[in-house]
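Per chain, numbering begins at 1; letters A, B, ... match sequence-line order.
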Amino acid sequence: MSEMFCFVFVCCIIVSRAQYSTVYDHNEKTFDKILIANRGEIACRVMKTCKKMGIKTVAVHSDVDANAVHVKMADEAVCVGPAPTSKSYLNMDAIMNAIRQTGAQAVHPGYGFLSENKEFAKRLAAEGVSFIGPDTHAIQAMGDKIESKLIAKAAKVNTIPGFDGVVKDADEAVRIANEIGYPVMIKASAGGGGKGMRIAWNDEETREGFRFSSQEAASSFGDDRLLIEKFIDNPRHIEIQVLADKHGNALWLNERECSIQRRNQKVVEEAPSTFLDPETRRAMGEQAVSLAKAVNYSSAGTVEFLVDSRKNFYFLEMNTRLQVEHPITECITGLDLVQQMIRIAKGFPLQHTQAEIPINGWAIESRVYAEDPYKSFGLPSIGRLSQYQEPLNLHNVRVDSGIEEGSDISIYYDPMISKLVTYGATRAEALKKMEDALDNYVIRGVTHNIPLLREIIVHPRFISGDISTKFLPEVYPEGFKGHQLTATGRKELLATAASLFVAAQLRAQKFLGDLRVSNTQQERRSWELCVELEKGVHMLGVSRSGFMTFILKVEIDGDKLEVSSDWNLASPLLTVTLNGIHRTLQCLSRNAAGEISLQYLGTTFKLRVLSKLAAALSVHMPEKVPEDTSSILRSPMPGTVVAVSVKAGDTVAEGQEICVIEAMKMQNSMTAAKTAKVRSVHCKPGETVGEGDLLVELE
Amino acid sequence: MAMAALAAVRRCRVLLHGAVKSSFRGSPSQPRSYSAGRLSVQERIERKRQAALVGGGQKRIDAQHGRGKLTARERVALLLDPDSFVEYDAFVEHRCSDFGMEADHNKFPGDSVVTGQGRINGRLVYVFSQDFTVFGGSLSGAHAQKICKIMDQAMLVGAPVIGLNDSGGARIQEGVESLAGYADIFLRNVMASGVVPQISLIMGPCAGGAVYSPALTDFTFMVKDTSYLFITGPDVVKSVTNEDVTQEELGGAKTHTAVSGVAHKAFENDIDALLNLREFFNFLPLSNKDPSPVTECHDPSDRLVPGLDTLVPLESTKAYDMLDVIHSIVDERDFFEIMPNYAKNIVVGFARMNGRTVGIVGNQPKVASGCLDINSSVKGARFVRFCDAFNVPIITFVDVPGFLPGTAQEYGGIIRHGAKLLYAFAEATVPKITIITRKAYGGAYDVMSSKHLRGDVNYAWPSAEVAVMGAKGAVQIIFRGKNNQADAEAEYVEKFANPFPAAVRGFVDDIVVPSTTRRRICRDLEVLATKKQTNPWKKHANVPL
């Protein structure tokens, strides 16, 4: 046994400090070369494990991705087509060619793209290339909504009970409702979505619901059929990770809580869930495993459930691939899911028994997106990451990303910047770590959703675990508005801005080796400043003690704050100590006119710091109405219109390409200055335009 | 010129005559128990000093504020370090005795300009600030004399001069005396040119002959909506050319920063302008005998810029933003761009490398492919000459497809104007570092601070293409009339569309990884700090104006 142990090489991810470990056994003969049919963070994630297992990697990429991180990371790279996914990452012919060309023995599909495409799996099988995922049968069975439910039912997995058909009278409706169990949802079958939906919690309400719905069914749709289904109140989205081999063994690797969603897309996930007790967890896990076994599942997969407030859980669907949010499961179980997938694909049996699957600590994942959280909780934005720094200086932080400083977030692909995962012995620890990680995450050049993430993880309802899939619309019924400052927060922010202003002023006087700087002037030790924040104007007194690493005392409305920092004016991060409390802010911009943009608790605040004199004189400055040029796009030069990418009525995202003008054989992409609807288009391809000509008007 | 000035200021003169009568001197709060003769000298000094502080009186000050403008003294107070202003000539009065100007109520201590010296972040500067509340800031002989005095002293000690212009024009009552005053200032502007930096900030009207003083200085900044620069005002334009034009269209900040290229930058209002001027001043050496200033820098000189490795697009016809290159290489992304809205196909401005001020020149592929045309050549040339005159090292980023073809350019004299940029780079003896990021085609390659024009350190990025022209055009000439042009094009690209032809000849010193560019430049600047180079003796050179 001890001899065996010598062969086991334990390799830990160094940057992420042992949140999962790739236990690599040299006795297991694995693949020599794997092609990763994906891009971005998941391609990089798969390659990391391949490298540790000594497997050569092949990247595929579109032409715009030629410089992407996943391409640089791979041993070999093959271009599979132009930017649009249908012509590159979904282009099976090109990918099959790449496999033949490089001699890859297996393909890891990541998630999305071809990961759940049975056709692709079939073509690989036909050429004797291993697909690192389940076989085509499982993909097909679980890919069909109706079939998967039938299989689930047969495997004794809870499905949402319901009745769809003609209901004779109210009594029958009550009988059906009682069979299902309250609460139930009643509506006309023909009505789409939630239209005309009524919720009944008892017999009385069922009779009433029956009356309304049957009337509506007859009058509005001319179709008598009614749908009576179990109503899931405050549903949570909780999913079980399963792992199954080709020898009939299957394990459940605990749950992931994914209830925080917007537009059915997950935003924040955690493992384990605060909601599940061990019995429910085991019940869900066992049902998930029985479903996996029912379809002879092999590889990693995820069984998604809806869970109601009374911990009843119902099967939703099964994802036959590696999930985006798999890292949190890796954190609490210590398993490397990608490695397990590769082992299973090679035909090795599972290494663990169910009893060996732990829940160690707590892991939270925030999906960091290039999108504007102030618009419908997130509308995509694009741009170039002019500055980018992941918070990897912190312990127990894992960042899965496929971009780097200088990368473009383009309209062609998912706007995800990274998955930020924090880990702790307890949930509170993991959450605190997430606050720090978000504060230390530097992203410049694109609009990102850190303001929203930072607010979610400190919201009392989230902290108490009182969440559901309706969390965002319930907590922010008027839409997300950013962090609302408390009185203390306001003072911290004002004091930081004033201190930063003073630090910059002091630095501006430091000319090195210049003998011509005045010696007769006293170094300033106190300032009277006027700081504007959210239309409020505050008078602050700042006094200074110390020399190099000076401490500033700031007086705001009678309160005193002591501010210290290393005052590094080049760093995008601004670490300050305010009355002994450490805070990491980010200075996004600072100009000569005293305007300072600070990211504080995730949200960006605009401040203006002026000397008392400048503030007093600013009353004389004329009020200016800014001219709105964002809705008009004019040609910046004479040239030819090569392409027009929009038409009237389209909605364009800020930074999205509207048209391309060619001048001097150079193509210049004209982009939208804001997210808006296109009112009118005044140019067409082939047309010659002059400088300043109107091209497109936005609403 | 005289007619021009007259016309421009006529209207405000008329307004003033009415207003002056009710100025503060006649106000009942003035003590009347003394006759002038009996006042002690001490009291007279005090009264004059007090009078000087309020310029044309409270009513005029209120009117100035009402226009969204600050007074001459408020401006000086904002521009300079607190309590650093030392005023000269507060007791100077105009000497005109015609048209009732000799009357007591028409005399103002200090006349229509505030002058003196002070400090900006501890460094010496001479300042004059025209006082619109006194005779509309019009230029009298005394006014001019005050300005000349500080300019003379600035030259003696080697310190910059900042002019805050807010003047209706010539003092009509003084006639030729006023015109002589302008000329005295012009002469000093020219004498000081290249000796001390001169900066003009236009904060109100500046019309007629008066415009030539700012035009002779190194940098002219304007305040949006409240400042105008023109030779003749809209009324004269209408009577001479029958054009209808507003003051703003004719000579506002937008016109001069985007169309005419007369002004180098515009600011939102007086406060914004003065605070920005303080920041700008920190970039400048005090005189041509002083080195480029070095400030404390928190940005590591050996910082790598990984983003640059992927910045230049793979397709050589695709645009990128040269400002992305500049911002990421310079200290703290702090770049003070000069003429950001004029001839945008070239980017010029000041930045710091490891704390030391440098001048940056870069072709802008995002605008007109970064080609050189008349306006961009002139813009670049003037900036390069300023840097050379004041010991500011020049860093040039090259991505230029050539000079812009076309009749408009040829008729406009692109040959003459393009020569200016060539001249400026060739003549410059300050440290010159050049980075070819992509295209360096044709004559424009030579112009853009090439090795052949005494470039000290010339680098190419791996994406550099140094050639006579782009592949397509070249192949059409070399293989005229022959078939397989596509093959020939591929051969040309293989041969020339890369940095090797230049590198094997030593025309670039090295091919560098873009992410290491900042580190390389900082080290080179350290080496070149002791560079000494002189041009042959000449009375002055003959730049192709």
Options B:Asp272, B:Leu311, B:Leu308, ranked by heavy-atom pairs under 4.5 Å with chain A, top entry
B:Leu311
Carboxylate-amine/guanidinium proximity below 4.0 Å for B:Lys224 and B:Glu268
yes
I need the full list of side-chain hydrogen bond (donor to acceptor under 3.5 Å, both in side chains) pairs touching residues 499-509 of chain A, with sequence neighbours left out, sorted by first then second residue.
A:Arg507-B:Glu332
Part of B:Ala77 lying under 4.5 Å from any heavy atom of chain A:
both
Tell me, side chain or backbone of A:Asp408 under 4.5 Å from chain B's heavy atoms, or both, or neither?
neither
Of A:Gly445, A:Ala592, A:Gly406, A:Ala593, the largest count of non-hydrogen pairs under 4.5 angstrom with chain B goes to A:Ala592
Whatever's closer than 4.5 Å to a heavy atom in chain A on B:Leu314 counts as side chain
Per-residue tally against chain B (heavy atom, under 4.5 Å) across A:Val517, A:Leu569, A:Leu385, A:Leu613 peaks at A:Leu569
Please identify, among A:Ala66, A:Ala508, A:Gly513, the residue contributing the most non-hydrogen atom pairs under 4.5 Å to chain B.
A:Ala508
Pick from B:Asp270, B:Asn345, B:Leu286: which one has the most heavy-atom pairs with chain A under 4.5 Å?
B:Leu286
Let me know which of B:Ile346, B:Asp321, B:Ile326 forms a side chain to side chain contact (heavy atoms under 4.5 Å, CB included) with B:Gln364.
B:Asp321
Per-residue contact mode, B:Arg356 against chain A (heavy atom under 4.5 angstrom):
neither
If only atom types and distance count, is the side chain of B:Arg123 paired as donor or acceptor with the main-chain N or O of A:Phe511 below 3.5 Å?
no
Heavy-atom pairs under 4.5 Å with chain B are the metric here; pick the option from A:Asn591, A:Leu512, A:Asp63, A:Leu506 that has the most.
A:Leu512
In sequence, state the C-alpha distance, the side-chain angles, and the governing distance for A:Met621 and B:Leu70, and then conclude on side-chain contact (heavy atoms from CB on, under 4.5 Å).
CA-CA 8 Å; A:Met621 293 301 100; B:Leu70 298 180; 3.6 Å; yes
Which atoms of A:Leu610 are under 4.5 Å from chain B, going by heavy atoms: the side chain, the backbone, both sets, or neither?
side chain
Heavy atoms only, distances under 4.5 angstrom: which of A:Ala570, A:Ser571, A:Gly594, A:Ala614 has the most pairs with chain B? Name it, please.
A:Ala570
Heavy-atom pairs under 4.5 Å with chain A - which of B:Gly158, B:Cys297, B:Gly355, B:Gly66 has more of them than the others?
B:Gly158
Chain A contact via B:Lys344 - side chain, backbone, both or neither, heavy atoms under 4.5 Å:
neither
Identify which part of B:Asp331 has an atom lying under 4.5 Å from any heavy atom of chain A, answering side chain, backbone, both or neither.
neither
Is B:Gln409 reaching over with its side chain to a backbone N or O of B:Gly406, donor-acceptor style, under 3.5 angstrom?
no
Apply the side chain to side chain donor-acceptor pair (under 3.5 Å) test between B:Arg352 and each candidate in B:Asn282, B:Thr295, B:Asp299; give the one that qualifies.
B:Thr295
Below 4.5 Å, heavy-atom pairs only: which of A:Arg384, A:Gln387, A:Arg590 has the largest tally toward chain B?
A:Arg384
Using modelled atom types and a 3.5 Å cut-off, is there a donor and acceptor pairing between side-chain atoms of B:Asp81 and backbone atoms of B:Gly122?
yes
I'd like to verify something: which residue of B:Thr226, B:Asp290, B:Leu124, B:Val305 has the highest number of heavy-atom pairs under 4.5 Å with chain A?
B:Asp290
Backbone of B:Ala258 reached by a side-chain donor or acceptor of B:Asn341 within 3.5 Å:
no
Ring-plane angle category for B:Phe336 and B:Phe221, please: parallel below 30°, perpendicular beyond 60°, tilted otherwise.
perpendicular
Counting distance only, does the side-chain N/O of A:His620 pair as donor-acceptor with the main-chain N or O of B:His65 below 3.5 Å?
no
